[in-house]
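Everything below concerns the one structure shown next.
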Protein chains: 2
Amino acid sequence: MDNAAPQSPAGLSTTATWLLNQSASHAARLLSEGFAAHDLRGYHYRLLATLAEDGPASQADLGRRCGIDRSDVVAAINDLAGRGLVVRAPDPADRRRNVISATDAGADEARRMGATLERVQADLLAPLSATEREQLTRLLTRLLRHHSGH
Amino acid sequence: MDNAAPQSPAGLSTTATWLLNQSASHAARLLSEGFAAHDLRGYHYRLLATLAEDGPASQADLGRRCGIDRSDVVAAINDLAGRGLVVRAPDPADRRRNVISATDAGADEARRMGATLERVQADLLAPLSATEREQLTRLLTRLLRHHSGH
DNA sequence: GGTGTTACGTTGGTGACTCCAACGTTGGCG
DNA sequence: CGCCAACGTTGGAGTCACCAACGTAACACC
C-alpha cells in the first residue's frame with residue numbers, strides 16, 4: 001500500500017537544523033525550477049543581479065560579494081559571457097583583474113529572473129503573514145550576522 | 001588588500017530564500033564538520049536516528065521517513081552495515097523487503113551523533129533567545145507543513 | 001488462475017552547490 | 001630586487017537530491 005506520511009524523521013522534525021535544511025532545500029528546488037525557464041542557475045542569478053545592481057566588478061570581488069568561490073565564478077561568468085549577458089574585459093589599471101560588466105541583455109535577464117525570484121518567494125512564504133515573514137527574515141539575519149562576524 | 005565584507009549580495013540579502021539558503025548552508029557545514037569526527041554523513045545520521053527511535057523498518061520506509069531517495073538509502077545502509085551499525089535481513093513476511101535494524105553499536109553511535117547534533121545546534125542558535133528559537137522552529141514548521149500537504 | 005499493476009531493492013547516472021589545491025601572472029612593499 | 005599577496009584559471013572532490021531502468025515479488029481484478 002505504501003502509505004505513511006512522507007516527511008517525519010522521528011525526533012529530528014523539531015530540530016532547527018533539520019527544519020532549516022528542509023525549508024532551504026524546498027526553496028532551492030522551487031527556485032531551481034523557476035530559473036530553469038531561463039536556462040540559468042542560482043550562481044548565474046546571484047552574479048547577474050549583483051552586477052546589475054552594484055555595477056561592474058572583478059571576478060574575485062564578485063565571488064566575495066556573492067559567496068561564490070573564485071573557481072566557480074570563472075565557469076558561471078563563462079556561461080553568462082557566452083550568452084552575451086555579460087562582458088569580460090581586462091582591467092587596464094590592474095592586469096591581474098578582469099572587469100565584468102552586465103550588458104543590456106544581461107540587465108534585462110536579471111530583471112526577469114528577479115521577477116521569477118519574487119514569484120517563488122511569494123509561493124514559498126504563502127503560509128506566513130507579513131508580520132511573520134518579517135519575523136523570519138529578522139531571525140535569520142541575526143543568525144547569519146552572528147556567524148559571519150565569527 | 002582584498003578587503004570588502006565577505007557576504008552581502010546587494011538586494012538579495014533581504015530575501016527569505018537567500019537567508020534560508022545561507023543559514024541552511026552554514027548549518028550544514030557545521031553539521032558536516034561535526035559528523036566528520038564520526039566518519040559519517042548526514043544521510044547516515046538520519047537513518048540511524050530513525051532506526052534507533054522508531055525501530056526496524058524496510059529501506060523504502062526509511063527513505064520515506066527520512067526524505068531520502070530509495071537509491072541513496074541503499075548506499076548509506078551499505079556503509080552502516082559495513083561498520084556493523086546496522087543489520088540487513090530479508091523480511092520473511094514479504095520477500096521483496098529488507099528489514100533494517102540498528103545494532104547496539106548503531107544505537108550507541110546514534111546517541112553520540114545526536115550529542116554532536118545538539119552541540120552544533122547550540123552553536124548555530126547561540127545568537128537567539130529561547131523564545132526566538134521557538135519562534136523560528138514554529139515558523140519553519142508552518143512553512144514545511146504547508147508545502148508538504150501541498 | 002492468469003494478468004496487469006504496484007512496490008521493492010539495486011545499479012548507474014545527472015545536476016546543483018560548495019569547497020580545496022595548485023599553477024602562472026601581476027601588483028605592492030620593504 | 002626579492003618576497004608576499006591577490007588574481008584568474010584548471011582540475012578535482014564531496015554532499016545532497018533526483019531520475020530511469022531493471023528483475024523480483026506481492027497484490028488486485030476479472
Side-chain angles (χ1 to χ4, degrees), chain A residues 1-4 6-7 17-18 20-36 39-47 57-64 66-79 81 88-100, chain B residues 1-4 6-7 17-18 20-36 39-47 57-64 66-79 81 88-100:
Chain A
M1 199 51 91
D2 202 46
N3 52 357
Q7 340 247 45
T17 51
W18 173 260
L20 268 176
N21 209 330
Q22 290 304 105
S23 302
S25 181
H26 190 69
R29 215 169 49 86
L30 287 178
L31 208 51
S32 189
E33 288 168 5
F35 285 165
D39 202 28
L40 289 171
R41 293 163 296 142
Y43 276 9
H44 300 125
Y45 175 65
R46 291 195 222 169
L47 294 169
S58 74
Q59 295 182 195
D61 221 38
L62 278 174
R64 251 172 267 125
C66 298
I68 303 178
D69 191 88
R70 292 205 298 277
S71 61
D72 298 318
V73 172
V74 176
I77 293 295
N78 281 346
D79 294 344
R88 191 193 251 122
D91 187 342
D94 185 342
R95 298 211 306 280
R96 293 173 303 177
R97 288 187 168 94
N98 288 334
V99 177
I100 313 295
Chain B
M1 199 48 92
D2 202 46
N3 53 354
Q7 339 247 44
T17 50
W18 173 261
L20 268 177
N21 212 328
Q22 291 304 104
S23 302
S25 182
H26 190 70
R29 217 168 49 85
L30 288 178
L31 208 51
S32 190
E33 288 168 4
F35 284 167
D39 202 26
L40 289 171
R41 292 162 299 142
Y43 276 8
H44 299 126
Y45 175 66
R46 292 195 222 170
L47 294 169
S58 74
Q59 296 182 195
D61 222 38
L62 279 174
R64 253 172 264 124
C66 299
I68 303 179
D69 192 86
R70 294 204 299 278
S71 60
D72 299 319
V73 172
V74 177
I77 294 294
N78 282 346
D79 295 343
R88 190 192 252 124
D91 186 343
D94 186 342
R95 299 211 307 280
R96 293 173 304 178
R97 288 185 168 93
N98 288 335
V99 177
I100 312 296

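Order of the sequence lines fixes the chain letters, A, B, ..., with proteins taken first and strands second; residue numbering starts at 1 for each chain.
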Can you tell me the distance, in whole Å, between the CG atom of Asp61(B) and the P atom of dC8(C)? 7 Å
Over how many whole Å does the gap from Asp91(A) atom CG to dT26(C) atom C1' extend? 12 Å
hbond_proxy Arg96(B) side chain to dA26(D) base (donor-acceptor, 3.5 Å cutoff): no
Look only at the side chain of Arg97(A) and the backbone of Ser58(A), and say whether a donor-acceptor pair between them is shorter than 3.5 Å. no
Of Asn78(B) and Arg70(A), the one whose closest DNA chain C nucleotide lies more 5': Asn78(B)
With respect to the phosphate group of dC19(C), does any side-chain polar atom (N or O) of Arg29(B) fall under 4.0 Å of OP1 or OP2? yes
Need one value for Asp94(B): base, sugar-phosphate or nothing, where a base atom within 4.0 Å counts as base even if backbone is also close, heavy atoms only. sugar-phosphate
Whole Å only: how far is the CD1 atom of Ile100(A) from the P atom of dC7(D)? 13 Å
Can a side chain N or O of Gln59(B) be found less than 4.0 Å away from OP1 or OP2 on dT10(C)? yes
Report yes or no: does His26(A) contribute a side-chain atom to a donor-acceptor pair with the main-chain N or O of Ser23(A) at less than 3.5 Å? no
Could you give the CZ-to-P distance, from Arg95(A) to dT26(C), as a whole number of Å? 6 Å
Could you tell me whether Ser58(B) contacts a base, only the sugar-phosphate backbone, or nothing, with contacts defined as non-hydrogen atoms closer than 4.0 Å? sugar-phosphate
Rounded to the Å, how far apart are Tyr43(A) OH and dG15(C) C1'? 12 Å
Is there a side-chain contact between Leu31(A) and Asn21(B), using heavy atoms and a 4.5 Å cut-off? no
Let me know the distance between CG of Leu40(B) and P of dT15(D), rounded to the nearest Å. 10 Å
If you take atom types as modelled and just measure distance, does the side chain of Ser25(B) reach the base of dC17(C) with a donor-acceptor pair under 3.5 Å? no
Within the 4.0 Å heavy-atom criterion, would you say Arg41(B) contacts the bases, only the backbone, or no part of the nucleic acid? sugar-phosphate
Check whether the side chain of Ser71(B) and the base of dG12(C) form a donor-acceptor pair under 3.5 Å. yes
Side chain of Asp72(A) (C-beta onward), nearest among dG8(D), dT10(C), dC19(C): dC19(C)
Audit row: Val74(A), Asn78(A), side-chain contact (heavy atoms from CB on, under 4.5 Å) steps and yes/no: CA-CA 6 Å; Val74(A) 176; Asn78(A) 281 346; 3.9 Å; yes
Once you round it to whole Å, what is the distance between P of dT15(D) and CZ of Arg46(B)? 13 Å
Arg97(B) side-chain proximity, nearest of dG9(C), dT9(D), dC7(D): dG9(C)
Could you give the CG-to-C1' distance, from Leu30(B) to dT18(C), as a whole number of Å? 14 Å
Does Leu62(A) form a side-chain contact (heavy atoms from CB on, under 4.5 Å) with Ile77(A)? I'd like the steps, not just the answer. CA-CA 10 Å; Leu62(A) 278 174; Ile77(A) 293 295; 4.2 Å; yes
